[in-house]
Protein chains: 2
Amino acid sequence: MDVKKDGPKPDPGFVSLLTQLYKALNRRTGEDLLGMRFKPYMTLGYIRDHPGTTQHELESALFMDANSVVLILNELEAAQFSVRRRDPHDRRRHIVEITASGRRALERADKARESLEDEVLRALSPEERKTVRGLLERVLESMYSEARV
Amino acid sequence: MDVKKDGPKPDPGFVSLLTQLYKALNRRTGEDLLGMRFKPYMTLGYIRDHPGTTQHELESALFMDANSVVLILNELEAAQFSVRRRDPHDRRRHIVEITASGRRALERADKARESLEDEVLRALSPEERKTVRGLLERVLESMYSEARV
DNA sequence: TATTGTTATACTCTATAACTATA
DNA sequence: TATAGTTATAGAGTATAACAATA
């Protein structure tokens with residue numbers, strides 16, 4: 001029972017949908033909102049949640065290349081939000097850790113991010129938000145496991 | 001009743017989730033797959049589905065800036081997939097239309113896109129795919145209406 | 001004076017390869 | 001020789017402002 005309101009509804013496709021949402025979101029996640037740019041924010045969140053992580057792990061976890069990781073960590077260190085120190089067991093590795101002030105900045109940014117999400121997802125009920133997040137997480141996880149093959 | 005499998009499961013947030021999915025997807029949508037780059041493909045799809053659209057409409061519908069629209073249309077015209085012609089009622093405007101060969105190229109690309117999506121969404125059942133698409137469409141629509149305010 | 005589209009410019013992001021230091 | 005990280009470079013994406021034509 002397809003209700004056709006305005007002609008044959010074209011199927012934009014999941015990928016296009018995601019791309020448009022990404023762009024729409026990017027427009028409203030300025031540095032002024034989070035207190036830092038979005039990618040460093042996302043990276044710092046991962047660092048906090050995965051103590052003792054390495055740059056290599058950041059690459060694969062956040063789908064970034066080595067170069068971007070370096071640049072973002074430079075930025076985070078310049079703001080004194082994170083530090084790199086050599087892994088004593090393998091001196092090629094850097095262990096990345098969040099600082100106390102990084103933790104505070106991240107908590108502030110998290111609050112801003114939450115209110116942004118409330119605004120962005122206002123069309124959805126709490127249960128629907130949970131649903132969409134759960135589904136997207138599963139999609140992402142399947143992409144990780146595929147990448148590992 | 002939170003099942004804690006591996007410590008306090010951090011909430012990555014909808015925005016981060018979307019960003020990672022976007023990046024993961026971008027890595028596998030090369031030109032060789034669709035026969036054209038992804039953004040022109042997405043744009044051409046909109047042009048087909050909205051006959052008589054203008055560049056200004058493309059901007060707001062696809063969350064692009066005027067500059068990007070010009071560049072993408074240049075690319076599409078070079079490939080003879082679309083044409084711009086002056087609107088006789090307002091000679092400042094360009095009316096953008098898909099060509100016959102653009103339509104054929106788009107149909108081929110659509111097939112490739114569908115098989116890509118099958119692969120990307122393989123973690124989800126058909127009903128779940130419908131659900132996630134429907135929810136994301138609603139989020140996007142609410143962002144449009146907000147942008148209009 | 002405002003709008004549509006174009007051009008120019010700069011800045012970010014991404015991808016790649018060359019380099020270093022360690023293993 | 002292989003790996004972790006860094007640096008350098010080029011390409012694509014995005015944002016901004018100046019501009020021409022038209023309203």
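No hydrogens, no waters, no symmetry mates; every other heavy atom, side chains included, goes into these values. Residue numbers begin at 1 in each chain, while the letters A, B, ... track the order of the sequences.
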What's the [atom1]-[atom2] distance between [X] and [N], to the nearest Å?
| X | N | atom1 | atom2 | answer |
| --- | --- | --- | --- | --- |
| A/Met42 | C/dC13 | CE | C1' | 13 Å |
| B/Asn67 | C/dA8 | CG | P | 11 Å |
| A/Arg85 | C/dA21 | CZ | P | 22 Å |
| B/Gln55 | C/dT6 | CD | C1' | 9 Å |
| B/Glu77 | C/dG5 | CD | P | 13 Å |
| B/Leu73 | C/dG5 | CG | C1' | 10 Å |
| A/Asp87 | D/dG5 | CG | P | 9 Å |
| B/Met64 | D/dA12 | CE | P | 17 Å |

Whichever of B/Tyr22 and A/Glu59 has its nearest DNA chain D nucleotide further upstream toward 5':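 On the 5' side of the pair lies A/Glu59.
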
Residue whose closest nucleotide on DNA chain D lies nearer the 5' end, B/Arg37 versus A/Arg92: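 Comparing both residues, the 5'-ward one is A/Arg92.
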
Plane angle bin for A/Phe38 and A/Tyr41 - parallel if under 30°, tilted between 30 and 60°, otherwise perpendicular: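 Rings of A/Tyr41 and A/Phe38: tilted, as their planes differ by 30° to 60°.
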
C/dT4 base / B/Arg93 side chain donor-acceptor hit below 3.5 Å: no

Side chain A/Arg91 and base C/dT22 donor-acceptor under 3.5 Å: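 For A/Arg91, whose side chain was compared with the base of C/dT22, there is no donor-acceptor pair (under 3.5 Å).
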
Minimum heavy-atom distance between A/Val15 and B/Glu117, given as atom pair plus value: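 In this case the closest contact between A/Val15 and B/Glu117 is N-OE2, 3.2 Å.
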
Examine [N]: is either OP1 or OP2 under 4.0 Å from a nitrogen or oxygen in the side chain of [X]? Give yes or no.
| X | N | result |
| --- | --- | --- |
| B/Lys23 | C/dT14 | yes |
| A/Lys39 | C/dT14 | yes |
| B/His56 | C/dT4 | yes |
| B/His94 | C/dT6 | yes |

5'-most by nearest nucleotide on DNA chain C - A/His89 or A/Ala66: A/Ala66

5′-ward residue of the pair A/Glu75/B/Ile95 relative to DNA chain C: B/Ile95

NZ/B/Lys111: more than 12 non-hydrogen atoms of other groups inside 6.0 Å: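 No, not enclosed.
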
Side-chain (A/Gln55) to main-chain (A/Val96) donor-acceptor, under 3.5 angstrom: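 No, the answer is negative, given that no donor and acceptor are paired below the 3.5 Å cut-off.
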
Just checking [X]: base, sugar-phosphate only, or nothing, at a heavy-atom cut-off of under 4.0 Å?
| X | value |
| --- | --- |
| A/Asn26 | nothing |
| B/Arg86 | nothing |
| B/Asp65 | base |

Trace of the side chain to side chain contact (heavy atoms under 4.5 Å, CB included) decision for A/Leu17 with B/Arg133: CA-CA 8 Å; A/Leu17 207 49; B/Arg133 198 194 308 256; 3.6 Å; yes

Terminal axes of the helix from C/dT1-D/dA23 to C/dA23-D/dT1 (five pairs each): angle between them, nearest 10 degrees: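 Comparing the axis at each end, I get an angle of 10°.
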
Nucleotide of D/dT7, C/dT6, C/dA23 approaching B/Val70 most closely (side-chain heavy atoms): C/dT6

Shortest side-chain distance from A/Leu71, nucleotide among D/dA15, C/dT14, D/dT6: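 Selected nucleotide (nearest to the side chain): C/dT14.
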
A/Ser115 and A/Asp118 side chains, donor-acceptor separation under 3.5 Å: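 No, because no side-chain N or O of A/Asp118 sits under 3.5 Å from a partner of the opposite role on A/Ser115.
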
Donor + acceptor pair across side chains of A/Gln20, B/Tyr46 (<3.5 Å): no

Heavy-atom side-chain proximity of A/Phe63 to A/Leu140 below 4.5 angstrom: yes

